[in-house]
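These figures come from a predicted structure and were not determined experimentally.
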Amino acid sequence: MNEHTPVSEPAPSSFSPAASREPIAGNGGYPRIQRPDDDGAAWSPDTLAVRGGLARSNFEETSEALFLNSGFVYSSAAAAEAAFTGDVDRFVYSRYGNPTVAMFQERLRLLEGAEACFATASGMSAVFTALGALLASGDRVVASRSLFGSCFVILNEILPRWGVETVFVDGWDLGQWQEALSIPTTAVFFESPSNPMQEIVDIRAVVELGHAAGAQVVVDNVFATPLLQRCTELGADVVVYSGTKHIDGQGRVLGGAILGRREFIEGPVKTLMRHTGPALSSFNAWTLLKGLETLSLRVNHSSSSALTLARWLEAQPAVNWVRYPLLESHPQFDLAAAQMTAGGTVVTFELDAPEGKAKERAFALLDALKVIDISNNLGDSKTLITHPATTTHRAMGPGGRAAIGLTDGVIRLSVGLEDVSDLQTDLGKALTS
């Protein structure tokens, strides 16, 4: 029996894949009928975002099928045993794998250019599972200190409790990376651009240093998305995403993903995911699939608007500084331009305020906005704004925030799909109120 052959022939009215189509490896026989040409010619990202990994049942539906089921049935006890021993490749339980989730994984894998992908319930479960699959007691991880608050907590508090040593460096400083990676290390972790300070890490250089130290390099590519920065091509071993951000991009669902080499994803990641349970629901996977279809349109529009607003904010007397990767004043502009095709959808800036009044000034700005919403999310179709020191990065504490330059006057602006002139007017009134 071929590993993709169904255990039993389904009834004509049942919902099942057509046996003659090429299956996705490890997907329980669910077919992949949309893929790059067999001669190896690759589709462009926009085409992959719509048709990559598209699998249709024998009903030939246009949209991706949504499989809202927790389990699967077997024709016999022997068939169930064969599924659990691996003698037959099929879906056995939606915590392990689901046809809708498999389509999302395949589509994102193709966009990223990775060998394999495993979807998770949230971006933070992707970060924690990726690190947990790499690290054990006694291991060492080197990380950039400029991180999203929850990532910082994982590395600074949780992993050390389990016997993992964490060493933090300033991600922009290659000298600090060289020093920290001069001794054996198991894993490297960083964001580039970082949240919210827009710090840029030289990915190729740090990958080379990490590999020399024996480390696997994990990159959180949420700000750039797979469209604006190709971490796998820059040498990263593992790439993680919060699908909640740009991939959904419309404030609907949570989700995450881990991408990397097949042996890593199919081995330690799958083992940890199966037995700890942070699985992506099939409904959320379906929503994220639909989000990928418009990812390019949304990210490109928002990135263009973000650059316009960054340049405008830089000229405002009420603003001390602006950080945006492709703004010429960014201290790592040349590196950002070399690694990224656009600057992304997020602009970070610091308000000018008297000593001791920065938080008060920041709150007044947020409260004066009429179009832009106060929210700690980002990558949404709606423009969102937050005060990181009291929300997303509160858990870092005053010392941790000071170490990355995150003052009470810093504002993070996630630019959406509105007309940029309306956003500029809204910000302008708030800045002068």
Side-chain angles (χ1 to χ4, degrees), residues 123-124 127-128 131 135 140-161 164-183 185 187-203 205-206 209-210 213 215 217-223 240 319-325 327 329-333 335-336 346-353 355-359 361-362 376 378 386-413:
M124 287 316 306
V127 170
F128 184 73
L131 292 172
L135 296 163
R140 183 174 189 266
V141 57
V142 177
S144 170
R145 73 177 82 253
S146 187
L147 298 171
F148 174 59
S150 293
C151 293
F152 182 81
V153 169
I154 287 174
L155 288 153
N156 189 57
E157 299 179 23
I158 298 174
L159 290 177
R161 291 207 311 263
V164 175
E165 178 190 7
T166 299
V167 176
F168 288 105
V169 300
D170 292 323
W172 55 268
D173 189 339
L174 273 181
Q176 292 187 36
W177 284 110
Q178 288 172 336
E179 182 178 354
L181 293 171
S182 63
I183 61 176
T185 301
V188 167
F189 180 80
F190 59 86
E191 305 166 3
S192 185
S194 69
N195 180 4
M197 299 306 293
Q198 305 279 3
E199 182 180 275
I200 308 297
V201 175
D202 188 332
I203 298 176
V206 172
L209 291 169
V217 178
V218 183
V219 181
D220 184 334
N221 198 36
V222 166
F223 265 36
V240 293
V319 174
N320 281 337
W321 52 254
V322 179
R323 290 288 181 270
Y324 183 73
L327 196 64
S329 61
H330 192 291
Q332 298 165 286
F333 169 77
L335 176 59
V346 179
V347 180
T348 306
F349 60 97
E350 184 186 61
L351 295 170
D352 183 27
E355 186 175 355
K357 298 292 185 179
K359 176 182 172 181
R361 181 71 188 92
N376 51 284
L378 62 89
T386 195
H387 183 244
T390 55
T391 59
T392 58
H393 290 67
R394 184 183 184 89
M396 293 182 72
R401 293 192 296 272
I404 64 173
L406 178 53
T407 70
D408 282 348
V410 171
I411 302 293
R412 190 190 72 191
L413 178 70

| For R401, which residues count as a salt bridge (charged side-chain N to carboxylate O under 4.0 Å, His left out) partner, sequence neighbours excluded? | none
| field | More than 12 heavy atoms from other groups under 6.0 Å of CZ on R394 | value | no
| remark: Of all heavy-atom pairs linking T185 and V141, the shortest is CG2-CA, 4.2 Å
| task | Run the numbers on F190 and V169 for side chain to side chain contact (heavy atoms under 4.5 Å, CB included), then give the verdict. | result | CA-CA 10 Å; F190 59 86; V169 300; over 6 Å; no
| Could you give the distance from CG (D202) to CH2 (W177), rounded to the nearest 0.5 Å? | 11.0 Å
| task | Among residues two or more places apart or on two chains, list those pairs meeting salt bridge (charged side-chain N to carboxylate O under 4.0 Å, His left out) that have a residue in residues 145-154. | result | R145-D170
| Rounded distance (nearest 0.5 Å) linking atom CD1 of I411 with atom OG1 of T386 | 8.0 Å
| request: Could you list the residues that satisfy side-chain hydrogen bond (donor to acceptor under 3.5 Å, both in side chains) with T390, not counting sequence neighbours? | output: H387
| said: Suppose we screen for salt bridge (charged side-chain N to carboxylate O under 4.0 Å, His left out). Which residues come up paired with K357, at least two apart in sequence or across chains? | reply: E360
| query | If you look at every heavy atom in G210 and V188, which pair is closest and at what distance? | reply | CA-CG2, 4.3 Å
| Of all heavy-atom pairs between E191 and V201, which one has the smallest distance, and what is that distance? | O-CG2, 3.9 Å
| request: Kindly say whether S146 contributes a backbone atom to a donor-acceptor pair with the side chain of E199 at under 3.5 angstrom? | output: no
| Which residues share a salt bridge (charged side-chain N to carboxylate O under 4.0 Å, His left out) with D352, sequence neighbours left out | none
| request: Using side-chain hydrogen bond (donor to acceptor under 3.5 Å, both in side chains) as the criterion, list what pairs up with R412, not counting sequence neighbours. | output: N195
| Residues that V167 engages under side-chain contact (heavy atoms from CB on, under 4.5 Å), provided they are two or more places apart | R140, V142, E165, A180
| message | Within the structure provided, determine whether F148 and V127 are in side-chain contact (heavy-atom separation under 4.5 Å). | response | no
| query | Which atom pair, heavy atoms only, marks the closest approach of L135 to A187? | reply | CD2-CB, 3.9 Å
| request: Output yes when a side-chain donor or acceptor of E350 lies under 3.5 Å from a complementary backbone atom of T407, and no otherwise. | output: no
| How would you list, by chain and number, every residue that makes a ring pair (Phe, Tyr, Trp, His ring centres under 6.0 Å) with F152, sequence neighbours excluded? | F168
| query | With sequence neighbours excluded, what pairs up with E179 under the salt bridge (charged side-chain N to carboxylate O under 4.0 Å, His left out) test? | reply | none
| message | Restricting to non-hydrogen atoms, name the atom on P325 and the atom on Q198 that form the minimum distance, rounded to 0.1 Å. | response | CD-OE1, 3.3 Å
| request: Report the residues that fulfil ring pair (Phe, Tyr, Trp, His ring centres under 6.0 Å) with F189, sequence neighbours left out, ordered by chain and then residue number. | output: none
| Do the non-hydrogen side-chain atoms of L174 and L209 ever get within less than 4.5 Å of each other? | yes
| field | With A395 via side-chain contact (heavy atoms from CB on, under 4.5 Å) - residues at least two apart | value | V153
| field | Residues that T392 engages under side-chain hydrogen bond (donor to acceptor under 3.5 Å, both in side chains), provided they are two or more places apart | value | none
| Within a strict 4.5 Å, meaning less than it, do heavy atoms of the P196 and R323 side chains meet? | no
| said: With a 4.5 Å cut-off on side-chain heavy atoms, are F349 and N320 touching? | reply: no
| remark: Note: N156 and P160 closest approach over all heavy atoms is O-CG, 3.5 Å
| task | Without swapping roles, check the side chain of H330 against the backbone of V322 for a donor-acceptor pair under 3.5 Å. | result | no
